[in-house]
Number of protein chains: 2
Amino acid sequence: MYQQAQEENSAEKPRRRSRIREAHEQKILEAAEQVFAHKGFNGATIEEIAEQSDLSKQNMLYYFASKEVLYQAVLRKIFHLWLDSLNLLGQQGEDPATMLSNYIRGKLEISRTMPNGSKVFANEIINGAPHIKQYLKENLQPALEADVKLVKEWIAQGKMDDIDPYHLFFVIWASTQTYADFSSQIQLALDKPSLDSDDFTRAGDFLTHTLLKGIGLSS
Amino acid sequence: MYQQAQEENSAEKPRRRSRIREAHEQKILEAAEQVFAHKGFNGATIEEIAEQSDLSKQNMLYYFASKEVLYQAVLRKIFHLWLDSLNLLGQQGEDPATMLSNYIRGKLEISRTMPNGSKVFANEIINGAPHIKQYLKENLQPALEADVKLVKEWIAQGKMDDIDPYHLFFVIWASTQTYADFSSQIQLALDKPSLDSDDFTRAGDFLTHTLLKGIGLSS
DNA sequence: GTCTATAAGGGGATAGAC
DNA sequence: GTCTATCCCCTTATAGAC
C-alpha cells in the first residue's frame with residue numbers, strides 16, 4: 001500500500017508528525033483533490049483549497065510549501081491506489097474469467113469511491129502528464145508487463161481468443177474510468193443528477209458480460 | 001455538418017468574411033486547439049495561442065474578442081464533429097454488425113485525426129462541462145436516444161444479447177476516445193514515442209472483435 | 001487590420017510578529 | 001502553528017495611434 005513519502009523518522013527519535021498536522025494534511029488533501037478535479041491544476045487556486053480546508057491560505061502553505069507540492073501529493077495518492085488495483089491479476093489459484101472479472105469490478109469500485117482522484121489523474125494524463133511522466137514510466141510499465149504476460153499464457157494455452165493483450169487493458173482502463181472521469185456526460189445522457197450504485201452495478205454487469213464473452217472467456 | 005455560427009450574411013449584401021479573416025481565424029482555431037489540449041482552459045494563455053498563430057496577442061483579440069469566445073469556438077467545432085459521428089447509426093440498409101462496426105471505426109478515426117480537439121472536449125467534460133453543459137444537454141440526448149432505440153429493436157428482434165444499450169455506447173465512446181485523450185499513457189505503456197496508424201488498426205480490430213462478439217453480434 | 005502602451009486584477013509565495 | 005501585511009509577476013483586456 002501507499003506510504004506517505006515524508007515518513008522518514010528513523011530509530012530512537014520519536015519524531016512523529018503531530019496529531020494536528022496529521023489531521024490538517026488530511027483535510028487539505030481531500031479539499032485539494034476536489035478542487036483540482038473540478039478546475040484542473042491551473043484553474044484551481046490555493047485560496048479555494050484553503051477555504052475548503054477551513055484554513056487560511058498562509059496557514060495551508062505552512063503544511064504544503066507550494067501548489068506544486070500539494071498537487072504531486074494528490075497525484076501520487078491516486079496513482080498508487082490505481083497501481084495496486086493493477087495487481088489484482090496477482091491473485092493465485094483463480095481461473096482467468098474470475099480474475100479478469102475481479103479486476104474489472106475492482107477498477108469500477110475505484111471510479112465509484114474516488115471519482116475526484118480519478119479526475120485529477122485523468123486531467124494530468126490528457127495534458128501529456130507533464131508533472132508525473134517519469135514517475136509513471138517507472139511504475140506503470142513493469143506492472144502492466146506482468147499482466148500482459150499472464151494473458152499471453154492464457155492465449156497460448158488456448159483458454160481464450162488470440163487478442164492483443166495491451167488493447168484489452170487499455171479498453172478496461174478506459175471503460176471503467178469513464179464512469180468517474182466522464183460522469184457529467186453520463187449523467188446528462190441518463191438524465192440523472194448523479195450516478196448511484198445501481199448504475200455502477202449495471203455497468204459492471206455489462207462490462208463483464210461483454211468483455212469476457214468478447215475475448216472467448218465466458219464460463 | 002458544422003457551420004460557423006457567424007455566417008449571418010443574408011440576401012443581397014455580399015458581406016462575406018474577407019479572405020484574410022478566414023485564413024487567420026483558421027490558423028487561430030488550430031493553434032488554440034493545440035494549446036488548450038495541452039494546458040487546459042486556465043493553463044492556456046492567449047499569448048501562447050497568438051504566438052503559434054504568428055499574430056500578436058492584440059491582433060488575435062481582434063478576431064476573437066476574448067479567450068472565452070475562442071474556447072467556445074474550439075469546443076463547438078469538435079462537439080459537432082463528434083455528434084455527426086453519432087449519427088452513423090442512421091445508415092440505412094446495413095445489418096447491425098456492420099453498422100456498429102462502422103460506428104466504432106468512425107469514432108476511432110476521429111481520435112486518430114483530431115486528437116487535440118478530443119482532448120479539449122475531454123478536459124471540459126471531466127471538469128463538469130462548465131462552459132458547455134446546456135448546449136450538451138440539448139444536443140446529446142436526442143441523438144443518443146435515437147441510437148438506443150435502434151439497439152433496443154435489435155434486441156427485441158433477437159438479433160443480439162439483451163444488454164443495456166446505454167452502457168454499450170458509454171463503453172464505445174470511452175474505449176475509442178482513450179486513444180486520443182490518454183495517448184500519452186498508452187505511448188508509455190507501449191514504449192513508443194507516438195501512436196501510428198497500425199496501432200489504430202490493431203485497436204479497431206480488437207474493439208470490433210471483442211464488442212461485437214461480446215454482445216452476440218459477431219457474424 | 002495591426003501596432004504601442006497600459007490599465008486592472010488575480011494569484012502564488014514570502015517576511016516577520018505573535 | 002497561526003496571523004497580518006505585502007511583494008511581484010503574470011495575464012486578460014482595452015485605448016488609441018497609424
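Order of the sequence lines fixes the chain letters, A, B, ..., with proteins taken first and strands second; residue numbering starts at 1 for each chain. Computation of the quantities below employed the complete heavy-atom set of this structure, encompassing side-chain atoms and omitting hydrogens, waters and symmetry-equivalent molecules.
Atom CZ of A:F64 and atom P of C:dA13 are 14 Å apart (whole Å). Rounding to whole angstrom units, NZ of residue A:K67 and C1' of D:dC9 are separated by 14 Å. Here C:dG11 presents its P atom at 18 Å from OH of A:Y71, a figure rounded to the nearest Å. Remark: C1' of C:dG1 and NZ of B:K27 are 13 Å apart, rounded to the nearest angstrom. Nucleotide D:dC10 holds its P atom 12 Å from the NZ atom of B:K57, rounded to whole Å. Rounded to an integer number of Å, the gap from A:E51 CD to C:dG12 C1' is 15 Å. Following rounding to the nearest Å, A:I46 (CD1) and C:dG10 (P) show an atom-to-atom distance of 15 Å. The CD-C1' distance, from B:E48 to D:dT11, rounds to 13 Å in whole Å.
Listed by first and then second residue, the side chain to side chain donor-acceptor pair (under 3.5 Å) pairs involving residues 29-42 of chain B are B:Q34-B:Q52, B:K39-B:E48 (not counting sequence neighbours).
Between the side chains of A:H131 and A:E124, a donor-acceptor pair is found at a separation under 3.5 Å.
Checked against the 6.0 Å centroid criterion, the rings of B:F64 and B:H24 do not qualify as a close aromatic pair.
Axis deviation across the helix from C:dG1-D:dC18 to C:dC18-D:dG1 amounts to 0°, comparing end segments of five pairs, rounded to 10 degrees.
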Protein N or O to nucleotides 2-5 of chain D N or O, pairs below 3.5 Å:
unit_1: D:dT2; atom_1: OP2; unit_2: A:N59; atom_2: OD1; d: 3.2
unit_1: D:dT2; atom_1: OP2; unit_2: A:N59; atom_2: ND2; d: 3.2
unit_1: D:dT2; atom_1: OP2; unit_2: A:Y63; atom_2: OH; d: 2.5
unit_1: D:dT2; atom_1: O5'; unit_2: A:N59; atom_2: ND2; d: 3.1
unit_1: D:dC3; atom_1: OP2; unit_2: A:S56; atom_2: OG; d: 3.3
unit_1: D:dA5; atom_1: N6; unit_2: A:Q58; atom_2: NE2; d: 2.8

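Other residues, nucleotides and ligands contribute over 12 non-hydrogen atoms within 6.0 Å of the NZ atom of A:K27. Within a 6.0 Å sphere centred on NZ of B:K192, other residues, nucleotides and ligands contribute more than 12 heavy atoms.
Taking 4.0 Å as the cut-off between side-chain N and carboxylate O, A:R21 and A:E25 count as a salt-bridged pair. Under 4.0 Å is where a charged nitrogen must lie from a carboxylate oxygen, and between B:R112 and B:D199 no such pair does.
Counting non-hydrogen atoms under 4.0 angstrom, B:A44 reaches the backbone sugars and phosphates but no base. The residue A:L61 sits close to a base: some heavy atom pair falls under 4.0 Å.
Geometrically, B:K77 does not engage B:F79 in a cation-pi contact defined by less than 6.0 Å to the ring centre and at most 45° from the axis.
For A:S66 and C:dG12, the shortest distance from a side-chain N or O to OP1 or OP2 is not below 4.0 Å.
The shortest distance between side-chain heavy atoms of B:Y71 and B:V120 falls below 4.5 Å.
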